[in-house]
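Notes to accompany the following structure.
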Amino acid sequence: MRCERCKFENIPGQKNCIKCGSALEIKSTAIDIHPPRMSKWKKPFRDLQRLIRRGKVVPQKNIKLHYPQWLKEVFSDSFLGLFLSIVPGFAHFIQNRFNEIRWYLLAWLGLLISALFLYGSAAGFICLGLAVGIHAGIAVQYGIIKDLANLREKIFTVILVLLALTFIYRFTPRILVPNLMGGYSSLSVPYYKVEAGDYLLAWGGLEQEGLLARGSLVLIHPVTFTSYGRITKSKEGVIGQIIGLAGEQLEIQKEFFVINGQQLNVDKFPVPQWLQKANFSATIPDESYFVSARYNVAAHGVKLETSHIHQVCVIKASDIEAKAFMRWWPLLKRGFIRYR
Amino acid sequence: MDRFSQLEFDEKMPERKRSQGEPIRDADYFHNEALKYWLAGDFELALRNYSRVLEQNSTIFDAWVGQVLMLVELGEYKEAIVWADKALELFPEHPELLAVKAVACCRDAKPEKAIAYSDNSISKDNITSRVWLARAEVLLNRKSPVAENCVSKAISIAGDMAPVIKLEAARLLRRKGSYSAAINYLNEVVKVFPKSALSWYELGCCQSKLGLSEAKATLEQSLRLRPDWDIAKAALAKCDKGRFLSKLFKR
């Protein structure tokens, strides 16, 4: 019996070659010679699996960073890894380990863009939260987490990193674009196609004269009455509308604002419902504006008087934070507000 | 004397006539057919012919390797791995089978397994060209600069199989984006196999990628040899489109 593979002459009756172990004699009927085949419908699933496997992050070891000795003495590898991961994947990138991080980085960028696009809506905040989560995940994955001994320390670290990154996320835009703000509109102004609840972007830097004209939508921190009759300033900014300018005589007649005896267009200057029953007439003091908004006055529990409205609606120029320039959310209404 | 000559049948069985020119359909015949179909880029028919080879003689090792390779070419990597395992039961620790299994793993995006099988195959005696080619593929996947040396090594020890190995090497290099190196090999291959649609197709694709004007003629030659080949038609259409766009931008 001669082996097909190594040509070694074996003893008759031998099933496998003594030299190389190859099969010497195989009956065609005893062995299946037709290979298994893949069903066509499996192809896309297999391709997808392969794609996922190709992009799979393979955790290998901690990043070994090269930095000066004096810095090494002050900070650990983990801390610097975390610091470099302020841009997710940066630490990996400088170590030529981009392959490990690319999907995380893509997901982070995708979420960040979605968050920006949907900013002002619940979905936008969820995207932002997920982006922070991925960011924190990347930061701790190769940095701190492996050095920690037990689960409690790991959980504590993850929470700490999450909080730190949330803090960074919260304040970075304010540092990079200090004048950009935003708030929900408390009014429906048909003229500007703004409805109550829309998220508007507003720009600070209102030092220039004439920037705030009648009808401008502005970001304010409205005051509210407490149950003891005190006035407190809300921490959250809302968008209201400037109705009266300094020195003007303002009057409310049912559904209309009247300035110096002249009735204003109700589409452009709508009277909020809570003011419609009020009998208000006053002169706006210097360096102040009459700002119409949906204020919380229910806590007061007494009939609205002129002095109350005066306290709530007449706002000093310095208390107006920003002027709204763009509807950001909902998406279908996104666009600049054109003041004419 | 034939031992069945004394048996009586109700009717005499008609004897099958064989014309003078008809080849004997033995294992060698089907093996050559398989190679022919492979060179034509018809991996499905090549696979069937390798199965026919094994129907004739299941100990022919090349047919087992051929089956696994055709499964890999058809993109059925899991099946290729299963079949390589089955072949390894018959031919234990055979370096070539380990190498093709490494290729299947590599293309199925299992780099760790691929390198393990490739390491195993390379550690055996009597390493063939295909083992070095598999090594080259695994290393190219890991972007190792040593990979091209493995290709050279595979070709240098190929002997009579050099044109086939060169074609395989060129296909590997094309997949990994080394078009000019692939063209060098393919120019030699088309001289040896002028009727191989696969060789012309591969050459055409490389030329197209490098923006060479011969690409269209080469792909047309491939389609002349195998007119029903959709992949070549698509490549030719893409080549035409590219030429149109490049003309447009040159204006």
Side-chain angles (χ1 to χ4, degrees), chain A residues 1-10 12-61 92-93 95-100 102-103, chain B residues 27 30 44 47-48 50-72 74-97 104-114 124-126 128 141-143:
Chain A
M1 300 283 288
R2 200 178 170 84
C3 175
E4 287 277 337
R5 183 177 157 201
C6 66
K7 312 294 177 203
F8 182 75
E9 196 66 52
N10 288 277
Q14 198 75 22
K15 285 183 179 174
N16 289 70
C17 174
I18 295 168
K19 195 179 173 190
C20 70
S22 298
L24 290 174
E25 194 178 357
I26 312 157
K27 284 180 184 172
S28 297
T29 48
I31 189 159
D32 184 13
I33 42 95
H34 298 287
R37 301 305 305 275
M38 179 179 70
S39 309
K40 273 187 179 174
W41 64 267
K42 283 185 183 172
K43 196 177 180 305
F45 295 101
R46 293 263 184 97
D47 290 346
L48 184 68
Q49 279 178 341
R50 211 169 297 131
L51 195 74
I52 292 166
R53 271 203 297 276
R54 284 216 173 96
K56 201 177 86 177
V57 176
V58 189
Q60 290 163 357
K61 54 192 172 182
H92 299 78
F93 182 73
Q95 294 290 308
N96 286 327
R97 293 173 69 181
F98 189 66
N99 202 26
E100 290 175 29
R102 57 184 172 174
W103 292 111
Chain B
F30 288 119
E44 189 66 53
L47 176 65
R48 280 185 214 168
Y50 278 126
S51 298
R52 283 180 190 163
V53 173
L54 292 177
E55 274 173 12
Q56 304 276 333
N57 184 355
S58 343
T59 58
I60 296 176
F61 173 75
D62 284 348
W64 286 98
V65 175
Q67 278 190 325
V68 179
L69 278 173
M70 290 312 111
L71 286 171
V72 170
L74 289 164
E76 300 177 17
Y77 307 122
K78 274 189 182 172
E79 286 73 13
I81 292 167
V82 168
W83 208 239
D85 284 336
K86 192 177 173 78
L88 279 165
E89 283 173 15
L90 301 171
F91 305 97
E93 296 289 307
H94 197 291
E96 211 161 304
L97 278 172
C105 289
C106 183
R107 295 208 196 160
D108 201 21
K110 292 171 181 166
E112 290 89 0
K113 282 188 178 178
K124 308 284 178 206
D125 297 331
N126 303 324
T128 58
N141 202 40
R142 294 166 75 93
K143 296 186 173 64

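So that the names make sense, note that chain A is the first sequence line, chain B the second, and so on, each numbered from 1. All figures in this text were calculated on a predicted structure; none of them were measured in a lab.
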| message | Shorter than 4.5 Å, heavy atoms on both sides: which option in B:Arg48, B:Glu89, B:His94, B:Arg52 has the most such pairs with chain A? | response | B:His94
| message | Using the side-chain contact (heavy atoms from CB on, under 4.5 Å) criterion, which residues pair with B:Arg107? Sequence neighbours excluded. | response | B:Val72, B:Glu73, B:Tyr77, B:Val103, B:Glu137, B:Arg175
| query | With side chains defined as the heavy atoms from C-beta onward, is the minimum distance between B:Leu71 and A:Arg37 less than 4.5 Å? | reply | yes
| note | Bottom line for B:Glu44: the part with an atom under 4.5 Å from chain A's heavy atoms is side chain
| message | A quick test of your reading: do over 12 heavy atoms of other residues, nucleotides or ligands sit less than 6.0 Å from CG of A:Asp47? | response | yes
| Heavy atoms, side chains only, cut-off 4.5 Å: are B:Tyr50 and B:Trp64 in contact? | no
| B:Lys78 portion near chain A, given a 4.5 angstrom heavy-atom threshold | both
